[in-house]
Structures are given as structure tokens and as C-alpha cells.
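Take a look at the structure below.
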Amino acid sequence: MNAIQDAKAAVRSFRREFDAFTGPDMKAAAKAHCAPGFLWRGMYPFGEIEGYGGVVDTFWAPLSKAFSGLHRREDIFFAGANDAASGQGDWVCSMGHLVGLFDHDFLSIPANGRLTNLRYAEFFRVENGKLYEGALFVDLLGLMHDAGCYPLPPMTGQFFRYPGPRTHDGLVSTPQPQRETEHTLALVNEMIADLRGLNDLEKYRCPPDLLRKTWHENMVWYGPCGIGASFTIERYQEQHQYPFRLNLADKSYKGHVARIAEGHYCAFFGWANLRNRNTGGFLGLPAAREAAEMRIVDVYRRDGDKLAENWVFIDLPHYLAQQGLDVFARLKELRRIPG
């Protein structure tokens, strides 16, 4: 078994014990499988936490209290050596939904007593069988949407319960041909380079043919709640890329913490990936004087020589908070107002 398969086995072993989702069991699993000084990165309002016991207390225990019968429904699971500039370690990526009965409020989001899905993407850096770093992105605006308290204007795309890969092969359990992994990673890196080149051009609409170099014509882009999903290059550009490009200025690429590929799948996340300034209109925000950071996850499936599906998470609550809109504080205040 090579290092990549060892890394996946380590995360699977951790999960078998951790996913009981009860406080003592989670902490015991964390102590057994996480290295001292484990660093966790969580979406706003959680931020960075050192030590997985603190992660349990701050995030997982409150979530498991809010969601009765909490369990994981995983759609994608793979690993790879880090191709980001840091180049540190082997990383494992998992994506899917955390599912349960939303019986108690979470972060002032009102419970609805119904079966509820919370989108997630999770990363772990593994070394010698131990977990050293992690990141967890959950679509909290999506949870607000399902709870009936969505705080933003209508989306340009369509938000719904996103499916896993069309090919149903996202749980990569066996070693993949190295040529397939290299093909996927090269295609994603080519796409990144193409889009980075556009960041130097203000008010520039990306030519569709530039996307066609790396994207399938019938691409599916599963964007975060707040933006929504799009289908086909034409609708993706109309419903996301052009609003993003034309309403955000001063873009600067900040790089990734991890970027990995295995077989037909690739993923990356940054802390933060991108910095930009809202010129007015994006997410309904007024123009901003200062730039703000975007923490982003992208998970890709390659089909032949093109990228076919892309699941995206953006820490939009963090992006909004940098511009004076704390969606959790607003929700908490609104819930204090009678009737």
C-alpha cells in the first residue's frame, strides 16, 4: 500500500470511531488519531482551532446536539500528494452531506424538525498514520435557506440538494493509474492559469472559447448557496462568471493550502485563495473601499480531456463579515424582535 492509500486508510480508521457523533467518542477518536498541535480550519464563525478536542467542543458537539441522528453521506473520497506551492504532505478530500433531523437551533439558525442535509467538504493532511491538519467547509447559508431564513437577495443560479458525481465513482478506494491522476491535475492547473491571467484585466468578459479549452460544453457548476448552480458553459458564464468578474475588482490570487488529484478527481482549498474588492452588486452588497478575502474549495471530476463537474464551497459568511454584514449576528438580532 503506497502513501496515498495509507493516508486514506488513516482517515477511514479515524472516521470509524469518530462518526458516532457523541462527545466522549469523538474526543477519544481525536486523541487516538490526531497529532499533538493538530490545526483545524473551519468556516466563519469558527476560524482556526488548535487541537481536535477544541474542534469537538466548538463545532461537532453543538452540531450533533442540533441534528438528531447525525450521520455522514459521502459522495466523494480520494487523496493525493500536495501540488500546491507549499507542497506539504499527503492530503485526503471528502465531500458529501451531514444529515439528520434539525431539532435544535444551530448558530441562531432556527430548527425546523425536519430531515435536513448540510453540504460539507473536508480535508486532512496525514503523515505516518496521524492527522496533522484539517479543514471543514459547510454551507451554512444553505442551512439558512432550508430553515427559511435565507438572508441575501435572490441567487443568479439555482440552489438545491446537489447530487454526487454523475458517474457514481467518487469514492476512490483503489489505487488509480498515475497517468490519469497526472492528466487531471494538469488540466486543473491549466484552467487555473487561464483564469489567473484574466485577473489582470478589469471589466473583461471571459471568452467562451477560453473555457472550452478545459471545460466540457455541458459542464455542471455546483456553486455555494448565495450563488447557486449552473449548467452548460453559456449559463455558467451568464449566471456566475460574468457577475463575479464584472462586479469584483482588484483581484489577486493567494494560492492554495492543498491541491490534490487521484484518478479523475481533483480538489483544492485556500486560506484564503483570492482577494478582491466588491464594486457594488455582488451578493447584493454595496461598493466597498477595501478588498476582502475569499476562502474557497473546488472539487472537480474530469471526463476525458475536459472538466465535467465542479462542486464549490465559498466561506461567504466570512466574506460578508469583512464588509460589515455578519449574517449570524443579524439573524440573532432579528429573532429577538417580537412578532
Side-chain angles (χ1 to χ4, degrees), residues 73-78 93-97 117-121 137-146 150 152-171 183-184 187-192 194-195 198 204-248 261 263-269 273-274 281-284 294 296-316 319:
R73 295 185 64 92
E74 193 172 52
D75 295 313
I76 289 176
F77 182 83
F78 67 97
C93 172
S94 170
M95 191 202 80
H97 295 87
N117 295 267
L118 177 60
R119 292 180 70 222
Y120 81 87
F137 286 66
V138 289
D139 198 337
L140 294 173
L141 288 178
L143 183 59
M144 291 182 182
H145 179 278
D146 290 348
Y150 177 67
L152 301 177
M155 292 174 246
T156 50
Q158 180 66 37
F159 181 72
F160 56 101
R161 191 57 50 221
Y162 298 157
R166 183 176 180 180
T167 46
H168 303 286
D169 60 356
L171 303 179
H183 189 176
T184 302
L187 188 63
V188 169
N189 284 336
E190 179 184 358
M191 180 269 300
I192 292 171
D194 287 344
L195 296 181
L198 292 176
Y204 183 66
R205 289 177 179 265
C206 173
D209 285 345
L210 182 66
L211 288 187
R212 290 189 179 101
K213 288 174 55 184
T214 52
W215 289 97
H216 194 286
E217 188 69 37
N218 288 329
M219 63 178 286
V220 186
W221 190 83
Y222 299 106
C225 186
I227 298 172
S230 300
F231 173 55
T232 75
I233 286 177
E234 178 185 6
R235 296 300 171 85
Y236 164 73
Q237 292 197 293
E238 174 189 331
Q239 295 170 357
H240 172 61
Q241 191 184 42
Y242 291 156
F244 188 90
R245 288 204 54 76
L246 300 180
N247 292 296
L248 298 176
H264 289 78
Y265 290 88
C266 181
F268 58 69
F269 82 93
N273 315 44
L274 185 67
F282 184 68
L283 300 178
M294 279 187 169
I296 304 170
V297 169
D298 277 85
V299 181
Y300 300 91
R301 180 180 69 83
R302 175 177 61 82
D303 183 359
D305 292 328
K306 300 293 176 70
L307 300 171
E309 294 183 281
N310 181 199
W311 296 263
V312 180
F313 296 74
I314 305 177
D315 191 349
L316 289 178
Y319 184 74

(message) Less than 4.5 Å apart, side chain to side chain, heavy atoms only: is that true for K213 and D194?
(response) yes
(request) Would you check, one step at a time, whether the test side-chain hydrogen bond (donor to acceptor under 3.5 Å, both in side chains) holds for S230 with Y222? (result) CA-CA 7 Å; S230 300; Y222 299 106; over 6 Å; no
(message) Can you tell me how the ring of F282 sits relative to the ring of F244, calling it parallel under 30°, perpendicular over 60° and tilted otherwise?
(response) perpendicular
(request) Drop me the distance from Y319's OH to I314's CD1, to the nearest 0.5 angstrom. (result) 9.5 Å
(message) Between E74 and S94, do the side chains contain a donor N or O and an acceptor N or O under 3.5 Å apart?
(response) yes
(request) State the CD-CG distance between E234 and L211, to the nearest 0.5 angstrom. (result) 12.5 Å
(request) Could you label the plane-to-plane angle of the F159 and H145 rings as parallel, tilted or perpendicular, counting under 30° as parallel and over 60° as perpendicular? (result) perpendicular
(request) Apply ring-ring contact (aromatic ring centres under 6.0 Å, His included) to F137 and list each qualifying residue two or more places apart in sequence or on a separate chain. (result) none
(request) Kindly indicate, with the supporting measurements, whether the criterion side-chain contact (heavy atoms from CB on, under 4.5 Å) is fulfilled by M144 and L140. (result) CA-CA 6 Å; M144 291 182 182; L140 294 173; 5.6 Å; no
(request) Count the heavy atoms of every other residue, nucleotide or ligand shown that sit under 6.0 Å from CG of D209, and state whether that count exceeds 12. (result) yes
(request) Could you tell me whether the side chain of W311 and the main chain of P163 form a donor-acceptor pair under 3.5 Å? (result) yes
(request) Kindly determine whether R302 and V188 satisfy side-chain contact (heavy atoms from CB on, under 4.5 Å), including the steps that lead there. (result) CA-CA 9 Å; R302 175 177 61 82; V188 169; over 6 Å; no
(message) Please find the pair of heavy atoms, one from G226 and one from L316, that lie closest to each other, and give the distance.
(response) CA-CD1, 4.3 Å
(message) Check this for me, if you would: do R166 and E309 make a salt bridge, where the nitrogen-to-carboxylate-oxygen distance has to be below 4.0 angstrom?
(response) no
(request) Under the ring-ring contact (aromatic ring centres under 6.0 Å, His included) rule, collect the residues that match up with W221, sequence neighbours excluded. (result) Y236, H240
(request) Walk me through it: do H97 and R161 pass the test side-chain contact (heavy atoms from CB on, under 4.5 Å)? (result) CA-CA 9 Å; H97 295 87; R161 191 57 50 221; 3.4 Å; yes
(request) Starting at OH of Y265, measure out to OG1 of T184 and round the result to the nearest 0.5 Å. (result) 10.0 Å
(request) Using atom types as modelled and distance alone, determine if a side-chain donor or acceptor of N310 lies under 3.5 Å from a backbone N or O of V299. (result) yes
(request) Please report the shortest heavy-atom distance between M219 and L307, naming the atom on each side. (result) CB-O, 4.4 Å
(request) I would like to know whether L198 and L210 meet side-chain contact (heavy atoms from CB on, under 4.5 Å); could you show each step before the answer? (result) CA-CA 10 Å; L198 292 176; L210 182 66; 3.8 Å; yes
(request) Heavy atoms only: give me the nearest Q241-L195 pair and the separation to one decimal. (result) NE2-CD2, 3.8 Å
(message) Salt bridge or not between R301 and D169? Use side-chain N to carboxylate O under 4.0 Å.
(response) no
(request) Measure across D298 and V312 and return the closest heavy-atom pair with its distance rounded to 0.1 Å. (result) OD2-CG2, 3.4 Å
(request) Grab the two heavy atoms, one from R119 and one from P224, that are nearest each other, plus how far apart they are. (result) NH1-CA, 3.9 Å
(message) If I take atom CD1 from residue I76 and atom CE from residue M95, how far apart are they, to the nearest 0.5 angstrom?
(response) 4.0 Å
(message) What's the separation between atom SG in C266 and atom CG in L187, rounded to the nearest 0.5 Å?
(response) 9.0 Å
(request) Please round to the nearest 0.5 Å and tell me the distance separating atom CZ of F268 and atom CD1 of I192. (result) 4.5 Å
(request) Using atom types as modelled and distance alone, determine if a side-chain donor or acceptor of D139 lies under 3.5 Å from a backbone N or O of G142. (result) yes
(request) Compare every heavy atom of Y242 with every heavy atom of C206, then report the nearest pair and how far apart it is. (result) O-OH, 3.0 Å
(request) Check for a donor-acceptor pair, side chain of K306 on one end and backbone N or O of R212 on the other, with a separation under 3.5 Å. (result) yes
